[in-house]
Amino acid sequence: MDSIRNRRTIRKYKQQDIPAELLNGLLEEAFRASTMGNMQLYSVVITRDAERKALLAPAHFNQPMVTSAPVVLTFCADFNRFSKWCRQRKAEPGYDNLISFINAASDTLLAVQNFCTLAEDRGLGICYLGTTVYNPDQIIDILHLPELVVPVATITVGYPDECPAQPDRLPLSGIIHEEEYHDYTPEAIDAIYAMKESLPENKHFVEINHTETLAQIFTNIRYKKSDNEFMSEGLKRTLKRQGFDK
């Protein structure tokens with residue numbers, strides 16, 4: 001699909017509404033994704049209201065596309081619905097544990113990717129917000145998510161009002177492994193990341209941040225160990241709060 005080969009993240013959107021019929025149709029198609037035991041362990045909260053988007057924005061570090069996009073979709077790992085069905089059919093569910101959360105999160109992300117691919121093929125632009133798992137408690141409170149429901153991905157959606165440069169990707173040779181995993185030699189690492197490190201914009205990042213290497217941008221500034229540990233503890237508390245760690 002050309003939309004896959006040419007895809008790019010869109011953060012600026014036209015102030016043009018997305019018809020409910022179109023959005024719901026894309027979601028319905030997306031839900032044909034593979035799913036654990038055909039249980040469909042996810043739910044999606046659609047946010048169009050400006051005030052509600054403004055409430056969600058701090059959970060996503062106030063990234064402007066949260067409030068400027070016509071639609072914000074919060075995809076949630078959801079064992080609540082299935083567990084209630086079980087109990088109403090005289091079956092006792094046992095899904096208040098970590099493996100069940102992983103299963104539900106995997107289901108959710110498969111549906112998310114399906115939706116993104118379908119939406120982009122219909123001319124919409126999307127931005128995946130990884131911040132969802134950084135501040136899940138805030139999102140849970142704003143969207144009134146019950147036990148056994150945890151937000152795992154947020155997608156902003158709208159008609160593109162920009163055409164940014166397509167981001168780089170690692171070479172195929174750096175990712176695939178034939179038959180078994182072959183660990184990377186120092187020479188292989190140099191070859192795999194050579195193009196990324198040579199890009200003018202990345203060289204500029206290194207310069208303005210006064211680091212020695214591009215890797216230090218990731219480890220010292222963007223995704224620091226201390227931040228990762230802090231947010232990991234928060235996620236553990238959230239899973240316990242939502243009943244996935246009984």
Side-chain angles (χ1 to χ4, degrees), residues 1-12 33-34 60-66 75 77 98-99 101-103 105-121 124-136 151-156 160 162-236:
M1 295 169 63
D2 288 341
S3 58
I4 292 178
R5 284 190 293 270
N6 299 319
R7 80 154 308 276
R8 59 207 68 207
T9 295
I10 300 297
R11 295 179 173 86
K12 295 181 181 179
S34 298
H60 299 290
F61 303 140
N62 291 307
Q63 296 178 85
M65 52 277 194
V66 177
F75 286 79
L98 182 60
I99 194 65
F101 169 72
I102 295 297
N103 287 335
S106 298
D107 259 27
T108 307
L109 293 174
L110 286 167
V112 168
Q113 184 55 64
N114 250 17
F115 171 80
C116 292
T117 300
L118 290 162
E120 290 170 330
D121 198 51
L124 294 169
I126 68 96
C127 181
Y128 175 91
L129 302 183
T131 45
T132 306
V133 294
Y134 294 171
N135 296 301
V152 295
T154 300
I155 307 296
T156 60
E162 63 172 349
C163 187
Q166 192 173 32
D168 64 281
R169 289 292 186 264
L170 296 178
L172 189 64
S173 60
I175 297 175
I176 63 171
H177 300 259
E178 296 288 352
E179 307 300 342
E180 62 182 43
Y181 194 100
H182 300 279
D183 207 355
Y184 301 98
T185 64
E187 294 77 17
I189 292 295
D190 287 342
I192 291 166
Y193 287 92
M195 192 270 284
K196 182 182 288 288
E197 292 174 328
S198 70
L199 293 174
E201 58 267 34
N202 287 338
K203 288 184 175 181
H204 181 62
F205 287 152
V206 172
E207 180 181 356
I208 64 175
N209 286 286
H210 308 291
T211 62
E212 185 179 355
T213 69
L214 180 63
Q216 290 170 352
I217 299 291
F218 290 85
T219 61
N220 300 356
I221 299 172
R222 296 187 65 188
Y223 304 103
K224 296 186 293 185
K225 177 180 174 63
S226 58
D227 292 342
N228 292 336
E229 291 175 341
F230 177 78
M231 290 181 289
S232 293
E233 289 303 313
L235 182 57
K236 290 177 186 177

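The basis for the numbers below is simple: all heavy atoms, side chains too, and nothing from hydrogens, waters or symmetry mates.
- In terms of heavy-atom proximity, A153 sits nearest to L109 at CB-CD2, 4.1 Å.
- Counting heavy atoms of neighbouring residues, nucleotides and ligands inside a 6.0 Å radius, atom CZ of F230 does not exceed 12 of them.
- Residues A105 and A77 share a closest heavy-atom pair of N-CB, 3.7 Å.
- When all heavy atoms of I175 and L170 are compared, the closest pair comes out as CD1-CB, 4.1 Å.
- When the options R5, R7, R8 are evaluated for a salt bridge (Lys or Arg N to Asp or Glu O under 4.0 Å) with E120, the one that passes is R7.
- Using bins of under 30°, 30° to 60° and over 60° for the plane-to-plane angle, the ring pair Y181/Y184 lands in the perpendicular bin.
- At least one donor-acceptor pair under 3.5 Å links the side chain of T185 to the backbone N or O of A188.
- Between T213 and V206 there is no side-chain heavy-atom pair separated by less than 4.5 Å.
- When atom types are taken as modelled, the side chain of H182 and the backbone of H177 share no donor-acceptor pair closer than 3.5 angstrom.
- Once rounded to the nearest 0.5 Å, the distance linking CD of E187 with CD1 of I192 reads 11.0 Å.
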As a quick check of understanding, evaluate side-chain contact (heavy atoms from CB on, under 4.5 Å) for M231 and V133, giving each step before the final call. CA-CA 8 Å; M231 290 181 289; V133 294; over 6 Å; no
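- Closest heavy-atom contact between L129 and T132: O-OG1, 3.0 Å.
- A salt bridge does not link E207 with K203: every distance from a Lys NZ or Arg NE/NH1/NH2 to an Asp or Glu carboxylate oxygen is 4.0 Å or more.
- Atom CD1 in I221 sits 11.5 Å away from atom CG in D227 (nearest 0.5 Å).
- Atom CD of E212 has 12 or fewer heavy atoms from other residues, nucleotides or ligands within 6.0 Å.
- Rounded to the nearest 0.5 angstrom, L124 CG and I155 CD1 are separated by 12.5 Å.
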If you apply the rule side-chain contact (heavy atoms from CB on, under 4.5 Å), what do you find for K225 with T219, and how did you get there? CA-CA 7 Å; K225 177 180 174 63; T219 61; over 6 Å; no
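- Summarising the geometry of C116 relative to I126, their closest heavy-atom pair is SG-CD1, 3.7 Å, with the distance given to 0.1 Å.
- Distance alone, capped at 3.5 Å, places no donor-acceptor pair between the Q113 side chain and the L110 backbone.
- E233 places none of its side-chain heavy atoms less than 4.5 Å from the side chain of E229.
- Residue F205 holds its CZ atom at 7.5 Å from CZ of R222, rounded to the nearest 0.5 Å.
- The aromatic rings of F75 and F115 are tilted relative to each other, their planes meeting at an angle between 30° and 60°.
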Check against side-chain contact (heavy atoms from CB on, under 4.5 Å), I4 and T117: CA-CA 7 Å; I4 292 178; T117 300; 3.9 Å; yes
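- Between the CZ atom in R11 and the CD atom in E162 there is a gap of 7.5 Å [rounded to 0.5 Å].
- Side-chain atoms of I99 and N103, non-hydrogen and from C-beta on, do get closer than 4.5 Å to each other.
- Considering only heavy atoms from C-beta on, T9 stays 4.5 Å or farther from P167 through its side chain.
- Here the shortest heavy-atom pairing between K196 and N202 reads O-ND2, 2.7 Å.
- Atom CD1 in I10 sits 11.5 Å away from atom CE in M65 (nearest 0.5 Å).
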